[in-house]
Amino acid sequence: MNPRHNLPTPRLGPHPQHPRHRTRNQPPHTPLRPTWTCRACGHPWPCAEARLLLKAEYDTRQPSLSIYLAGLCYEAMHDLYHLNPHDGPNPRELFERFVAWGPFRRSAGTAPG
């Protein structure tokens, strides 16, 4: 029996189609849902390569990158909690993984203002 048949069907949230950059016949560094691993390297998405490619692709549209990452973070929370509701990643871990590295990040010691 194929274990992938037991995975929940991902919701119809933002489609994880970025970064669009491809090399040779390698798959793009986009997430494989519902596990949120990278299609190209198998690391948790966004992998280091995806982060670099996303920053380059959204260089002049940083607010769009933040919105894209926040939407995918929301979808990842849903998928990953359904995969493992008792021991899934906590919201802070997912925020750090998906959003905190992107544009408009603020260090923990910086007060808003």
Side-chain angles (χ1 to χ4, degrees):
M1 180 178 199
N2 186 346
R4 293 190 66 170
H5 292 291
N6 296 332
L7 298 176
T9 303
R11 299 177 333 157
L12 297 176
H15 186 66
Q17 59 191 4
H18 298 278
R20 293 188 179 190
H21 177 79
R22 285 179 170 245
T23 55
R24 295 181 298 271
N25 294 335
Q26 296 289 330
H29 285 271
T30 55
L32 181 60
R33 290 182 71 182
T35 60
W36 292 89
T37 54
C38 179
R39 292 177 191 278
C41 64
H43 290 106
W45 196 90
C47 63
E49 185 72 15
R51 290 178 184 201
L52 289 173
L53 293 170
L54 286 165
K55 283 186 175 186
E57 186 173 328
Y58 283 90
D59 182 48
T60 61
R61 302 175 295 130
Q62 291 188 355
S64 296
L65 177 56
S66 291
I67 293 166
Y68 178 68
L69 293 171
L72 294 184
C73 182
Y74 179 79
E75 292 301 314
M77 283 182 195
H78 179 270
D79 290 349
L80 294 172
Y81 288 132
H82 276 73
L83 284 175
N84 193 355
H86 304 292
D87 202 19
N90 70 49
R92 180 164 188 89
E93 290 170 340
L94 288 174
F95 178 82
E96 294 291 328
R97 176 174 159 186
F98 281 83
V99 181
W101 63 269
F104 309 113
R105 67 180 183 264
R106 184 179 308 175
S107 69
T110 305

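All residue numbers refer to positions in the sequence shown, counting from 1. In this text the structure is predicted, and so the values were computed from the model without any measurement.
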Exercise for the section: Mind listing the closest non-hydrogen atom pair of C47 and H29 along with its distance? Expected result: SG-ND1, 3.3 Å
Completion exercise
Tightest non-hydrogen contact, residues R97 and L80, listed as NH1-CD1, 4.2 Å
Handout entry: Closest non-hydrogen atom pair between L83 and T35, with its separation
Key = CD1-CA, 4.0 Å
Problem - CA sep, side-chain torsions, deciding dist, call: L54, W101, side-chain contact (heavy atoms from CB on, under 4.5 Å) - result: CA-CA 11 Å; L54 286 165; W101 63 269; 4.0 Å; yes
Practice task
Considering non-hydrogen atoms only, spot the tightest contact between A40 and P27 and give its length.
Solution key: CB-O, 3.4 Å
Practice task
With R61 as the cation and Y58 as the aromatic partner, state whether NZ or CZ is under 6.0 Å from the six-membered ring centre and within 45° of the axis.
Solution key: yes
Problem - Heavy-atom closest contact (G102 atom, L69 atom, distance) - result: CA-CD1, 4.4 Å
Problem - Parallel, tilted or perpendicular, as decided by the 30° and 60° cut-offs, for the rings of W36 and F98 - result: perpendicular
Practice task
Check for a donor-acceptor pair, side chain of Y81 on one end and backbone N or O of P89 on the other, with a separation under 3.5 Å.
Solution key: yes
Problem - Spacing of CG belonging to L94 relative to CE belonging to M77, to within rounding of 0.5 Å - result: 5.0 Å
Handout entry: Gap separating the CD atom of Q26 from the CZ atom of R39, nearest 0.5 angstrom
Key = 14.0 Å
